[in-house]
Amino acid sequence: MAGRLKLRRGRVVATDPLEVEMGEERRRAWADEALLGEMREGDEVVVNVAALDLKLGSGGFDVVHVNLTRGLEGGGVDGTQVMKLNYSSLQHPVEPVERRNSNPRPSAPVLVLPLHGHLAPAAWALAQAAPGLQAGYVQTGGGALPGSFSRDVRQLRERGLLAGHVTAAPAYGGEHEALSTVGALDAAAGLGWDAVLVGPGPGIIGSETAYGHGGVAALDSAHAALSLDLPTIVSPRLSSADPRARHRGLSHHTRTVLELLLAPVDVPIPDNEPEIAAALENSLHRVRYLPADLEGYAATDLPKTTMGRSLQDDPLFFAAPLAAGAFLGRQASS
């Protein structure tokens, strides 16, 4: 059963970082200004307070729903007839990046990410393996939907480690908009990308069930790539320090995806990980062994924490996307 929106009226009392006052309480908040417009001190706003009230980790703040002071005069976008977030109160027109025909066929290899924390190490490792290669990111469902929410994407774009950012429905707000993941992957041919990283935004959804989690988005992304006959690689979610047994070693998220996939894919794993290799021993998929340059990545200023754990706390988590990104670089440059 769906719950009702938990909305409250408040007033912006700080903008960097954003804070909203409701009664006697000041609360952390986030606003998608690309969608809602600028937030200024004194603005009257309506915020969704559900995540902070639930004390969620990555979603532990209020989200501005509408700015009552300056957000009711938005002009929209002229000349577009396609909607995202359609039939919700946040529906808005977009210009789809999908191509009118699929010639030439896309050929860029695709690395499917299990969660957003794999994006930065995978993109960095790809650049080390194949300097100058143009790699783009397709953001899917399974995590945060606003494209503007990811600090990692902004940082990778600034450093030239990503050539572009497409948000595929239900995600929105990237540099380009796609109505489907398969459409986004096909569009890579027209965007000049040599390789594609595809995966959810920050804050993956979880429910402690077999299939009710954001990790299942990887299944859809892999099938989209396979349907276009693209070289398809799955970056496995691994951990040596996750406090939850279901995510230690080979996460049940990745295990489930590999079991449900309808065709074989490449699964890179870091060298010298016999337990991970054993977990994949009877898999139908192609297991690839690669070195993971943890020392090199540790020397960068790119993100090195996951769910409160550092690279030093959980090196296996970071080794997985480093190996996967290196394999993607080899595939794209071969």
Side-chain angles (χ1 to χ4, degrees), residues 102 105-115 118-119 121-123 125-126 129-130 133 135-138 140-142 168 180-186 188-189 193-200 210-211 213-239 246-247 249-292 316-317 319-334:
S102 58
R105 293 282 290 177
S107 58
V110 175
L111 176 60
V112 178
L113 309 175
L115 69 179
H118 274 216
L119 178 62
L126 168 63
L133 188 139
Y137 169 52
V138 172
T140 68
S180 68
T181 300
V182 71
L185 298 179
D186 178 72
W193 293 358
D194 302 307
V196 182
L197 301 104
V198 55
Y211 303 135
H213 53 76
V216 173
L219 180 68
D220 299 332
S221 297
H223 281 150
L226 289 166
S227 73
L228 294 172
D229 200 27
L230 297 173
T232 305
I233 308 157
V234 170
S235 182
R237 179 174 178 175
L238 309 178
S239 176
R246 64 186 182 275
H247 289 306
L250 180 67
S251 168
H252 81 102
H253 282 194
T254 298
R255 193 186 304 271
T256 297
V257 168
L258 296 179
E259 290 172 352
L260 295 177
L261 273 169
L262 299 177
V265 298
D266 291 303
V267 185
I269 65 170
D271 284 339
N272 304 315
E273 292 295 338
E275 291 186 8
I276 305 303
L280 294 167
E281 186 176 5
N282 296 320
S283 167
L284 298 176
H285 305 290
R286 299 177 293 270
V287 180
R288 311 296 191 180
Y289 303 92
L290 286 94
L316 185 57
F317 178 90
L322 290 171
F327 184 75
L328 177 63
R330 292 185 187 182
Q331 289 289 89
S333 58
S334 62

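Since we're looking at a predicted model, the values are computed, not measured. Count residues from 1 along the sequence. When reading the values below, keep in mind they use all heavy atoms of this one structure, side chains included, and skip hydrogens, waters and symmetry mates.
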For Leu197 and Ala123 the tightest heavy-atom approach is CD2-N, 4.1 Å
Could you tell me whether a side-chain N or O of Asp271 sits under 3.5 Å from a main-chain N or O of Leu290, the two making a donor and an acceptor?
-> yes
When rounded to the nearest 0.5 Å, the distance separating CD of Gln331 from CG of Asp266 is 5.5 Å
Count the heavy atoms belonging to other residues, nucleotides or ligands that lie under 6.0 Å from CG of Leu260, then report whether that count exceeds 12.
-> yes
State, with a plain yes or no, whether a side-chain heavy atom of Asp220 is found less than 4.5 Å away from one of Thr181.
-> no
Sub-4.5 Å side-chain heavy-atom contact between Leu238 and Leu250 = yes
So, for Pro236 and Ala320, which heavy atoms are closest and what is the spacing to 0.1 Å?
-> O-CB, 3.3 Å
Output the distance between atom OG (Ser235) and atom CD1 (Ile269), rounded to the nearest 0.5 Å.
-> 11.5 Å
Would you check if Val182 and Ser227 make a side-chain contact, meaning some heavy-atom pair closer than 4.5 Å?
-> yes
Nearest heavy-atom neighbours spanning Ala332 and Asp194 = CB-O, 3.8 Å
Looking at Ala129 and Gly329, what are the two nearest heavy atoms and their distance?
-> CB-CA, 4.2 Å
State which residues pass ring-ring contact (aromatic ring centres under 6.0 Å, His included) with Phe317; sequence neighbours excluded, sorted by chain then number.
-> His118
Any side-chain heavy atom of Leu111 sitting closer than 4.5 Å to one from Leu126?
-> no
Taking the six-membered ring for Trp, are His253 and His247 parallel (under 30°), tilted (30 to 60°) or perpendicular (over 60°)?
-> perpendicular
Mind checking the CG-CG spacing from Leu258 to Leu219? Nearest 0.5 Å is all I need.
-> 9.5 Å
Applying side-chain hydrogen bond (donor to acceptor under 3.5 Å, both in side chains), name anything that partners Ser221, two or more places apart in sequence or on another chain.
-> none
Got more than 12 heavy atoms from elsewhere within 6.0 Å of CG, Asn272?
-> no
Student check: side-chain heavy atoms of Leu226 and Leu262 closer than 4.5 Å = no
Applying side-chain contact (heavy atoms from CB on, under 4.5 Å), run through Tyr137 and Val198 and close with a yes or a no.
-> CA-CA 6 Å; Tyr137 169 52; Val198 55; 6.0 Å; no
Rounded distance (nearest 0.5 Å) linking atom OG1 of Thr256 with atom NE2 of His213 = 5.0 Å
Leu280 and His285, any side-chain heavy atoms less than 4.5 Å apart | no
From Ile276 atom CD1 to Thr254 atom OG1, the distance as rounded to the nearest 0.5 Å | 9.5 Å
Leu322 vs Pro270 side-chain heavy atoms within contact, under 4.5 Å = no
Validation row: Pro200, Thr140 side chains within 4.5 angstrom (heavy atoms) = yes
Between CH2 on residue Trp193 and CG on residue Leu185, distance to nearest 0.5 Å | 8.5 Å
Work out which heavy atom in Val216 is nearest to a heavy atom in Tyr211; give both atom names and the distance.
-> CG2-O, 3.3 Å
What one should report as the nearest heavy-atom pair of Gly142 and Ala217 is CA-CB, 4.4 Å
